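As the structure is a computational prediction, the values presented were derived from the model and not from experiment.
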Amino acid sequence: METIRVELADQVDKLSTAQKENARTQEDMEKSLSDMSDRVVALEKSQQALISDNKRLTEKCVDLENRSRRQNIRIVGVAEGAEANNANNFVARFLVEVLGGENFDRAIVIDKAHRSLAPKPRLGEKPSAIIARLHYLTDKEKVMSLSRAKGKLSFEGSPVHIFPDMSPEVGRQRAAFNQVKAKLRDAGVQYSMQFPARLVITVDGTRHMFKDPPSAERSSIPTPCPHRRRDESLLQLAGSIIERH
């Protein structure tokens, strides 16, 4: 019996020692997990701060890029090689011919003009755009105003278009409105785009601004006309106008 008692006591001591070691190991693991959790929380906060900074800096870079393009125009539809070896002089003559020399009381000063940096199109493909920087911002604004007022433009028998030159990011934001703008054009609803990408429409003399296509599609527009519902979404409004015509 004494031998059995000694063996049991020895086993109990071993189990007690093992239990204490397990308890210490568990305590160490809990501490490590707590430290890791604190580090993860700190990293998440740091990540959110970096995301916020990156967004702010990206928006600032886009804004600065577009500010640097404020005096630029983009001419689309001019045949390749039409500018010969002097794009600056060509653009100055082009603007006078297309928009009317009577609208300019002095020569248009072009700082720099060149074709876009895309690969030269092959025979039969659309010509690359011409990008020109006008010396005076007032000239650029007049060119855009005349272009909008004249509507369809042509040069040497081919249709041409004059657009403000903007960064690719703003171009993508504006392109997102293409479907909405097509419906508005079909409906004869007046609209314009404000920088950077804000759709502005005029309905019954009231201006409405939309920051993105979904907001334009969802928004309800109060309409006092008796033949329309009191509130219609922008696209429903366009559709109803198309149906009446």
Side-chain angles (χ1 to χ4, degrees), residues 51 54-56 58-78 98-99 116 118 125-131 137 140-154 158-245:
I51 290 174
N54 181 66
K55 182 175 183 294
R56 177 176 56 82
T58 299
E59 290 174 349
K60 187 172 183 178
C61 286
V62 170
D63 179 65
L64 289 173
E65 181 178 0
N66 283 287
R67 286 178 184 275
S68 71
R69 296 175 183 236
R70 286 182 66 195
Q71 291 164 228
N72 292 8
I73 59 173
R74 181 177 290 260
I75 304 170
V76 178
V78 176
V98 171
L99 300 177
S116 64
E125 294 182 339
K126 291 182 179 180
S128 55
I130 296 177
I131 300 170
L137 179 61
K140 185 257 185 159
E141 292 173 343
K142 177 181 282 190
V143 165
M144 295 311 305
S145 177
L146 291 171
S147 175
R148 286 190 294 268
K150 286 182 174 292
K152 294 182 179 179
L153 305 176
S154 64
S158 299
V160 291
H161 306 276
I162 303 175
F163 302 105
D165 182 43
M166 298 179 181
S167 69
E169 176 61 27
V170 171
R172 284 190 292 270
Q173 293 175 10
R174 292 194 167 204
F177 284 96
N178 285 348
Q179 182 179 358
V180 176
K181 291 191 293 185
K183 290 181 178 292
L184 292 173
R185 283 194 298 271
D186 291 340
V189 177
Q190 290 184 341
Y191 72 85
S192 61
M193 295 295 297
Q194 289 190 354
F195 185 83
R198 302 287 186 268
L199 176 67
V200 180
I201 69 167
T202 303
V203 179
D204 298 327
T206 303
R207 286 162 53 90
H208 304 271
M209 181 179 291
F210 304 96
K211 295 182 178 180
D212 52 67
S215 66
E217 294 172 1
R218 291 192 308 266
S219 295
S220 294
I221 301 174
T223 57
C225 297
H227 56 265
R228 298 206 296 263
R229 294 195 308 274
R230 182 63 185 171
D231 292 291
E232 285 183 313
S233 73
L234 177 59
L235 296 188
Q236 288 172 335
L237 170 62
S240 67
I241 297 176
I242 294 172
E243 291 174 359
R244 294 201 306 275
H245 286 74

Q: So, using side-chain contact (heavy atoms from CB on, under 4.5 Å) as the criterion, who are the partners of R198 when residues are at least two apart?
A: Q194, P196, M209, K211
Q: List in chain and number order the residues that pass side-chain hydrogen bond (donor to acceptor under 3.5 Å, both in side chains) with Q71, two or more places apart in sequence or in another chain; answer none if no residue qualifies.
A: none
Q: Run the numbers on H208 and V200 for side chain to side chain contact (heavy atoms under 4.5 Å, CB included), then give the verdict.
A: CA-CA 6 Å; H208 304 271; V200 180; over 6 Å; no
Q: List for me each residue that meets side-chain contact (heavy atoms from CB on, under 4.5 Å) alongside R148, sequence neighbours excluded, and say none if there are none.
A: M144, S145
Q: On a heavy-atom basis, which atom in F177 and which in F210 lie closest, and how many Å separate them?
A: CZ-O, 3.9 Å
Q: Under the salt bridge (Lys or Arg N to Asp or Glu O under 4.0 Å) test, which residues partner K152, sequence neighbours left out?
A: none
Q: Only counting residues at least two apart or in another chain, list the ones meeting side-chain hydrogen bond (donor to acceptor under 3.5 Å, both in side chains) with S167.
A: N66
Q: Heavy atoms only: give me the nearest K150-L99 pair and the separation to one decimal.
A: CE-O, 2.9 Å
Q: Under the rule for side-chain contact (heavy atoms from CB on, under 4.5 Å), what residues qualify as partners of L64, not counting sequence neighbours?
A: K60
Q: Quick one: closest heavy-atom pair of K140 and R70, and the distance?
A: NZ-O, 3.0 Å
Q: Could you work out, with side-chain hydrogen bond (donor to acceptor under 3.5 Å, both in side chains) as the rule, every residue matching D165, not counting sequence neighbours?
A: R69, N72, R74
Q: Only counting residues at least two apart or in another chain, list the ones meeting side-chain contact (heavy atoms from CB on, under 4.5 Å) with P159.
A: none
Q: What's the spacing between Q173 CD and F195 CZ if we round to 0.5 Å?
A: 8.5 Å
Q: In chain order, what residues pass the salt bridge (Lys or Arg N to Asp or Glu O under 4.0 Å) check against R172, with sequence neighbours excluded?
A: E169
Q: Can you see which heavy atom on S116 is nearest to which on S128, and at what distance?
A: OG-CB, 3.5 Å
Q: Would you give the length of the straight line joining atom CZ of R56 to atom CD1 of I51, rounded to the nearest 0.5 angstrom?
A: 14.0 Å
Q: Measure the shortest side-chain to side-chain distance between L146 and V98 over non-hydrogen atoms and say whether it is less than 4.5 angstrom.
A: no
Q: List for me each residue that meets side-chain hydrogen bond (donor to acceptor under 3.5 Å, both in side chains) alongside K126, sequence neighbours excluded, and say none if there are none.
A: none
Q: Between S147 and V143 (side chain of the first, backbone of the second, donor and acceptor by atom type, cut-off under 3.5 Å), is there such a pair?
A: no
